[in-house]
Amino acid sequence: MNSKTTEKDIVIDIQKIKNDFPILKRQIRDNKLVYLDSGASTQKPIEVINAHTEYFNQINSNIHRGLHTLAEEATNAYEKTRTHIAKFIGGVKTCEVIFTSGTTESINMVAYTWGEANISEGDEIVLTDMEHHANLVPWVMLAKRKNAIIKRIPITDDGRLDLDDIDSIITEKTKLVAVTHMSNVLGTLNPIKQLAEIAHKNGALILADGAQSAPHMPVDVLDMDVDFFAFSAHKMLGPTGVGVLYGKENILEKMPPFNMGGEMISEVSFDRITWAELPHKFEAGTPNIAGVVTFDTALTYLENIGMENIHAYETKLTAYTIDKLLQIDGLKIQGPNNSINRGGAISFTDKNLHPHDISTFLDSKGIAIRAGHHCAQTLMKRMGTIATARASLYIYNDEADIDALYDALIAMRKYFGHE
Amino acid sequence: MNSKTTEKDIVIDIQKIKNDFPILKRQIRDNKLVYLDSGASTQKPIEVINAHTEYFNQINSNIHRGLHTLAEEATNAYEKTRTHIAKFIGGVKTCEVIFTSGTTESINMVAYTWGEANISEGDEIVLTDMEHHANLVPWVMLAKRKNAIIKRIPITDDGRLDLDDIDSIITEKTKLVAVTHMSNVLGTLNPIKQLAEIAHKNGALILADGAQSAPHMPVDVLDMDVDFFAFSAHKMLGPTGVGVLYGKENILEKMPPFNMGGEMISEVSFDRITWAELPHKFEAGTPNIAGVVTFDTALTYLENIGMENIHAYETKLTAYTIDKLLQIDGLKIQGPNNSINRGGAISFTDKNLHPHDISTFLDSKGIAIRAGHHCAQTLMKRMGTIATARASLYIYNDEADIDALYDALIAMRKYFGHE
Amino acid sequence: MSENLDDMYREIILDHYKAPRGKKPLEDKNVTSDGHNPSCGDELRMELKVDNKNNIADVHVNCKGCAISVASGSMLAEFIKGKSLEEVKAISEQIKKMLKGEESTITEDIGDLDSLKGVRQFPVRIKCALLAWVTLIEGVDKFEGNGTDSSSTTSTE
Amino acid sequence: MSENLDDMYREIILDHYKAPRGKKPLEDKNVTSDGHNPSCGDELRMELKVDNKNNIADVHVNCKGCAISVASGSMLAEFIKGKSLEEVKAISEQIKKMLKGEESTITEDIGDLDSLKGVRQFPVRIKCALLAWVTLIEGVDKFEGNGTDSSSTTSTE
Ligand SMILES: Cc1ncc(COP(=O)(O)O)c(C=O)c1O
Ligand SMILES: Cc1ncc(COP(=O)(O)O)c(C=O)c1O
């Protein structure tokens, strides 16, 4: 990872990258696939696909406790990814990295364990008006169970957090601030470090939902000083069914376990059960071993390009995209209208057309975007819309993809008679 | 699946099968791998490995809600597996098949949702003395939280359930009977249908842990009349990170959801949240899509051989294995000494050697077995041992593998001076 | 396969979408029924005036949604006007079957409605086409249940 | 690589395993320490007689476990007899480091103990070799804490 990259340093060999992703050669309805749905899930480079095959051809075995060669190799490969992640997110301890099945499980794990043990009647949990359901429903339901109170940081009309009244929102009553690092709908990047400071000053913990940030930029959980950080492998070139929960050691130590079963216990009798050490306490049963092992290759692929480079490249492409979309009459960007402090999840609405019609039409041109409420119904309400169309970018996208999107949107307005 | 198979009908082309599994060509410490650890996790045939690659090369996308071609194809492929499983376990409704990350999560899901809602102080939960920690720790901890009572069905010295006093164990106080269909340590097959009848007569539900049975024999959850049934894909030629929870529709309907986030809600506001229909209510967030899709191919592979055939073949090989092991002085089979009503998980102990030494020695000959408590510490205590060595069989094993095991065990006793 | 696209967005559908029928709210209604697809955000309000011979004297449909749900609502408004509740219920069930790809026994000429068939190739959009029909059935059921002014909310999900 | 196997199960280790030293329980002990590896099921009881010059006058080790944990306990019994608590603590820390692959500064001749190095190639077995040493440290700590008869339970997991 480069420490600092200016625009002219951006070295992305986009043709090489496109070639690394076999699916991008696919034809969709007679057009070459233009994949602009990476916010939902990214495509996988051939290295990752091969690593998965290699694992099954050479190593496949259950891990831990096994004394034979395959079990040991599988365990080493599995733990290698853990070490890699610990470095990737800023150099934390390996015992602070817990494998889950995805961001959703990571956040639910905190709600069911830390939340059940620490939230009481009258306590306050602070969310924002731009949370994904994964970082909203668990807290709303926890608050219901505990008679706790949900407070929300509002957003401005252009989709930024509005921190004007933050001192009346995060107070000494606050037990947890749960906030997305980057909005999956608006693209907005939130000032996590600043919020962490405010939370800690008030004696609260902070959880950052990194599902949309970890794939696209350097992440340093120590510098941000978050207590929990959650993300998913499938949104960063990795396999499905693998996620991460980072938690500070002293907090994880005190948390009760979540799922219970093999590997997460030390001693079991019908009267007394003791838990295994971190991180195993939180990894019950056979994990997604092949997935975790493969994730290592995805991280290496990203690091070879460089997370700073990726962020810089995507920022440039985001600016290009916003610029193009704003040239289309009747289209509105839902979220920041510029590329400052935002990522490449770009939502838009058409004053005449429902996002579903937009998506169906674009698909007929081979362009994959997402349309709907993006698991953010409360945000939709705030934006005064029922759904948006969303193009979301990654390292395998280029200006040609955006030009194809632009042309298709023009053709669409004609098709539906809204020229 | 053949309805009835007599011994002479068994048609297993063992050479073809062995060839289908690339890893079986691997050399371990200068010996060809002899894999006898399928009870922990099975190897994968080339078809399954290819299906996984194909998914990433051609279809990969997030599912549901997506309106583009890839999303639709991925959704169809994902739901196809659900339909397949519904048929595989006896012809249940697709809405009764819930995808989880494994047996462990399946059982924890029931404990956290049905259990939290239905178990009260003084209620009784009936387990057995041969449960895997995955079907023991969640219930013991639930009982602790609720001041409920754990009762156990004892086992006989040769590892069968002892049902003599069953009427005093399962009573009107019983709310749940949670029992393994096949023991991962002893190999014992339990009379689930009979237990279900007794449970239901007493107004209790029954959960069967099918982690070790579903891979090895025809399973009909309707005929057994179980309320819940849990199993893992990775133990039946499928990927890691995929499991199934079957539950009866009317019971699942009434259960609150487990993890919360995207896909499992219908409407969300800060005041009111409504859940999605079955099975989606229980599948929060992005599931292990690639894994679920690939599992379909594993099931087809098994069905092409035939579950009746598989069971018959393994029964024969189990008899052969037991017979061979009993020829070795100082070795004791922990579990039934014959192949009647048991599967191919064969535990043994040596009167002089710790199972870990057995396993390490066998590994030096390329033979992979498991040694330890097998996540069944309470069973170990009951058997009066601290650990066992376990050889566990699958369709790619044959008598030559068992002969290799036998020869190595003889060599081992010599090596450690216990001839 | 741009044909596919034209299969769904047939000219007749785009025509209904661009100029929906039954736009005018009724002054004199005795059924109000609201429909809703949370995952799409589609919202539909339907008003019926049922006369004393149990015929539908007038219809109003207001749909905020995609082209398919709007067009489906518009076609419904056009088609059911003047029909008896009996006829309307029967045809609604048939349209539901047609959209879900089940066997339907439609023999009469259903005119524009036939064009909804194209939606079947887009499974995620079927519920959009269904919305108006499900809302109608719900409204009629309620009406028959109490015989007077009735209102209800329903969803196709 | 059967060499590997012989690396771990060196002749000297098998020798200790087959005939463990310190087998006899002590009549006159002032430290009892129990060790335990739940995942292996290994159990070890250690008894020490510490004389009034703080030297270890006698040792008893009883280990129910694998060849490695038994041999490691036997070597320990042989090695520490007659040494001072000071020396014993120092060597225990060094053996722990050696087993974990950290840099150790052992200069003296540790005799048979050197053969435990081979275990490092079998990471899951390291805790078996550690058991006796960790149990010893725990026992000595307790002894120094209260100066009289002390007992404790510990684990390497
Ligand atoms: C009987 C039994 N139950 C449950 C499990 C747990 O399965 P998993 O680790 O796939 O969650 C196992 C696997 O070891 C098992 O053998
Ligand atoms: C901001 C955000 N949080 C959480 C999630 C949930 O991630 P997953 O579905 O991988 O659990 C997503 C994915 O859509 C997301 O964008």
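Each chain gets a letter, A, B and so on, in the order the sequences are listed, and its residues count up from 1. This one's a predicted model, so the numbers in the text were calculated from it and none came from an experiment.
Only the side chain of L127(A) has a heavy atom closer than 4.5 Å to any heavy atom of chain B. At a 4.5 Å heavy-atom cutoff, K25(A) makes no contact with chain B through either its backbone or its side chain. Heavy atoms closer than 4.5 Å to chain A are found nowhere in P256(B), neither backbone nor side chain. Both the backbone and the side chain of L67(A) have a heavy atom closer than 4.5 Å to some heavy atom of chain B. Contacts of T42(B) with chain A are made by backbone atoms alone, with heavy-atom separations under 4.5 Å and no side-chain atom involved. Neither the backbone nor the side chain of L362(A) comes within contact range of chain B, judged by heavy atoms closer than 4.5 Å. The parts of V268(B) that come within reach of chain A are both its backbone and its side chain, each placing non-hydrogen atoms under 4.5 angstrom from that chain. There is no contact between I358(A) and chain B, counting heavy-atom distances below 4.5 Å. Contacts between L33(B) and chain A at a heavy-atom distance below 4.5 Å involve the side chain alone, from C-beta outward. Of the two parts of H374(A), neither the backbone nor the side chain holds a non-hydrogen atom closer than 4.5 Å to a non-hydrogen atom of chain B. Heavy atoms closer than 4.5 Å to chain A are found nowhere in L24(B), neither backbone nor side chain. With a 4.5 Å cut-off on non-hydrogen atoms, D271(A) touches chain B through its backbone but not through its side chain.
Residues F270(B) and D129(A) have side chains in contact (heavy-atom distance under 4.5 Å, counting atoms from C-beta outward).
When all heavy atoms are compared, the tightest approach of Q43(B) to F56(A) is OE1-O, 4.4 Å.
The most heavy-atom pairs under 4.5 Å with chain A, out of P22(B), C375(B), A143(B), S61(B), come from P22(B). Most heavy-atom pairs under 4.5 Å with chain A, from the set P257(B), A371(B), G285(B): that is G285(B). With respect to chain B, the highest number of heavy-atom pairs below 4.5 Å among D37(A), I150(A), T360(A) belongs to D37(A). Interface check for chain B: of the options V140(A), I107(A), L70(A), the most heavy-atom pairs under 4.5 Å are formed by L70(A).
In this structure, a donor-acceptor pair under 3.5 Å is absent between the side chains of T104(A) and N259(B).
At least one donor-acceptor pair closer than 3.5 Å links the side chain of T240(A) to the backbone N or O of I289(B).
Taking the six-membered ring wherever Trp is involved, the centroid distance between the rings of Y112(A) and F258(B) falls below 6.0 Å.
Using a 4.0 Å cut-off between charged side-chain N and carboxylate O, R145(A) and E116(B) make no salt bridge.
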Q) When you look at E263(A) and H133(B), which way does the side chain to side chain contact (heavy atoms under 4.5 Å, CB included) test go after all the steps? A) CA-CA 9 Å; E263(A) 304 306 336; H133(B) 290 161; over 6 Å; no
